[in-house]
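These numbers come from the heavy atoms of this one structure, side chains and all, not from hydrogens, waters or symmetry mates. Numbering of ligands and ligand atoms starts at 1, following listing order. Being a predicted model, the structure only gives us computed values, none of them experimental.
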Amino acid sequence: MNGKRKRLFLIDDDVLAMNELKQKLDSSTYVQVCGEATKIDEVWPRIQATQPDIVVVGSVKQTEVGVLCQQIRFQFPQIMFIAACSARELHWEPFFRNLGIWVLTKPVEVSQLEILSCQSGLGGMHPMNGIAATASTVFPPPLPAALTISETRNEPAYPSTPHEDKHLITVYGPKGGVGKTFLSRELAIYFTQQKKEGRPLKVLAVDFNLDLGTIATSLNLPRTPNLFTWVKEIDDQLAQIVRNEGKEPESLTHQEWQEYTMAARISPQDIQKYVVIHPDTNLHVLTSPRDIRQSFEIKDYHLYLILETLKRSDYDVVFIDTAPDTTDATIQALFFAQKVVMVGNPVVDAIENIQRMLKLLREAEYPEERIQICINRVQRREMFTVEEIRAYFQLHPGKVLYTIPDDQEVKRSINTGVPLMLYPGKSAAKDSIEALGNSLVMTDKGGTVEAQGNNGKEKKKRQPLFSWLRKS
Ligand SMILES: Nc1ncnc2c1ncn2[C@@H]1O[C@H](COP(=O)(O)OP(=O)(O)O)[C@@H](O)[C@H]1O
Ligand SMILES: [Mg+2]
């Protein structure tokens, strides 16, 4: 029986609670304690030494439970995680569940652990829904050096280019039709017209709206090659590695695919094979699949590998357009991004959803200075003032809330595939998109790294909020 018992690793700085639980677990025929840590620096070597099936994380000083679980999972994707929360910590539950971490309230009962232990090893069981997960179990945590993947199974490691100058920007909005795709396209086009140290920027737009993406259409571009072309190539290469190891790819579980992916590295030069190029601007576009069914075949580990490769690429700016959801593609794009443009409209449901999303990200200690909030399609008379919206979002006083006016040219610009930013002459919408762009990336034109928490300097040229409304 012993051999079949699931091996638990306990992490808690509350030694008394840990000992109590250990005592209770002594009599279990389903689970056994294989290791424990009461301090953060004990966690990593002991997990490596004991290779548990399940890690139960209680309170830990100097770290945050979600991040810790993700760091361990990065190296050991097969481990199941259970957060043991006190009543005070229960508000974290949705966040943990979203990260694929089970949640139990303290004091943890042996029977609860026994029930959950039956789920471990079932290949992607997920606390969000209790069924085989398509939801993410792989996020990009801030990795300590010891976890950085540097070897491949059969390919040389490609040298990483420094990331400081790269800009991976995710355009997100927790509601459909608010202008994410429009803004992704316009911002990407804007940066193709900008230079850095006299050299035109290399810009890529990526359509992470995997099933119903429209970036290609909105630029009159073909949809082949696309992300799915890349995914098939990744699968072929991984299958070859698996066969070289004498295994049948068909027999691999989702977790095993994750493990193989974690050890693989793609050359960033390969991205060129999968992009289409916008002839007028040299914008590179990685479009979503042609067929909705193909999007179902794109898994969390593909997305991870793709994002990780994009981050190492030599593009100066990468814009990722997302769907208004919390699927793998979107959440991973948010976690990989150096900046996020959070888009909404001045409508109560869009505003409420942004607030809910901000709450979730704040609870996850997501760095808020990465987020630029943009209210799109603002008309002359709105029910809510910018100040009211700012107050509702509880924004830091130094943080700018960007607004883009409703512009009747937009519809035509989308229908004809000609970006607004390429229209001749000035317009309020173009100015506002430029102001938003300049808050994201520094170019020869200037731009700003304005954000909450920096030195408080704001861009000199910044227009007062809603100034374009006062023009007539
Ligand atoms: N600033 C704007 N002014 C006028 N219409 C806009 C503006 N932004 C977006 N739209 C309209 O809203 C529609 C939905 O925009 P889209 O970018 O596809 O939204 P999302 O990607 O968030 O679903 C577009 O087709 C366009 O007609
Ligand atoms: Mg869209």
Handout entry: Where ligand 1 meets Ile414 - atom numbers and elements under 4.0 angstrom, heavy-atom basis
Key = 24 (C), 25 (O), 26 (C)
Fill in the blank from the handout: heavy-atom search around atom 7 (C) of ligand 1 in the protein gives Arg377 CG, 3.5 Å
Problem - Sidechain-backbone polar pair: Asn209 side chain, Ser288 backbone, donor-acceptor under 3.5 Å - result: no
Exercise for the section: Test salt bridge (Lys or Arg N to Asp or Glu O under 4.0 Å) on Glu308 and Lys311 and set out the steps. Expected result: CA-CA 5 Å; Glu308 196 272 331; Lys311 208 160 184 172; over 6 Å; no
Handout entry: Minimum non-hydrogen distance to atom 15 (O) of ligand 1, winning option of Ser218, Pro324, Ala428, Gly179
Key = Gly179
Practice task
For Asp316 and Arg199, run salt bridge (Lys or Arg N to Asp or Glu O under 4.0 Å): C-alpha distance rounded to whole Å, both residues' side-chain angles, the deciding distance at 0.1 Å, then the answer.
Solution key: CA-CA 11 Å; Asp316 299 294; Arg199 170 183 67 81; 3.0 Å; yes
Problem - Polar contact flag for Pro405 and ligand 1 (N/O pairs, less than 3.5 Å) - result: yes
Practice task
Kindly determine whether Tyr260 and Lys247 satisfy side-chain hydrogen bond (donor to acceptor under 3.5 Å, both in side chains), including the steps that lead there.
Solution key: CA-CA 12 Å; Tyr260 275 97; Lys247 291 187 202 159; 3.1 Å; yes
Exercise for the section: Would you please test Arg312 and Thr309 for side chain to side chain contact (heavy atoms under 4.5 Å, CB included) and show each step? Expected result: CA-CA 5 Å; Arg312 285 184 292 116; Thr309 311; 3.9 Å; yes
Handout entry: Ion pair check, Lys430 and Glu434, cut-off under 4.0 Å
Key = no
Fill in the blank from the handout: Numbered in order shown, the ligand 1 atoms found under 4.0 Å of a heavy atom of Asp406 are 3 (N), 4 (C)
Handout entry: ligand 1 contacted by Ala429 (non-hydrogen, < 4.0 Å)
Key = no
Fill in the blank from the handout: Under 4.0 Å between heavy atoms, the region of Val178 that gets near ligand 1 turns out to be both
Practice task
Please state whether the rings of Tyr301 and Trp257 are parallel, tilted or perpendicular, taking 30° and 60° as the class boundaries.
Solution key: parallel
Exercise for the section: Go through the steps for His278 and Leu221 under the test side chain to side chain contact (heavy atoms under 4.5 Å, CB included), then give the verdict. Expected result: CA-CA 7 Å; His278 186 245; Leu221 291 173; 4.3 Å; yes
Practice task
Could you tell me whether ligand 1 has any atom less than 4.0 Å away from a heavy atom of Gly177?
Solution key: yes
Exercise for the section: Decide whether a cation-pi geometry holds between Arg370 and Tyr366; the criteria are a distance under 6.0 Å from NZ or CZ to the six-membered ring centre and an angle within 45° of the ring axis. Expected result: yes
Completion exercise
Heavy-atom proximity to atom 21 (O) of ligand 1, picking from Val410, Asp407, Thr181, Thr403, points to Thr181
Fill in the blank from the handout: of all protein heavy atoms, closest to atom 22 (O) of ligand 1 is Lys180 NZ, 2.7 Å
Handout entry: 2.8 Å cut-off met by an N, O or S atom of Thr181 to the Mg ion (ligand 2)
Key = yes
Completion exercise
The closest protein heavy-atom partner of atom 17 (O) of ligand 1 is Phe182 N, 2.8 Å
Practice task
Determine, considering heavy atoms only, which of Asn376, Asn415, Thr214, Ile215 sits nearest to atom 8 (N) of ligand 1.
Solution key: Asn376
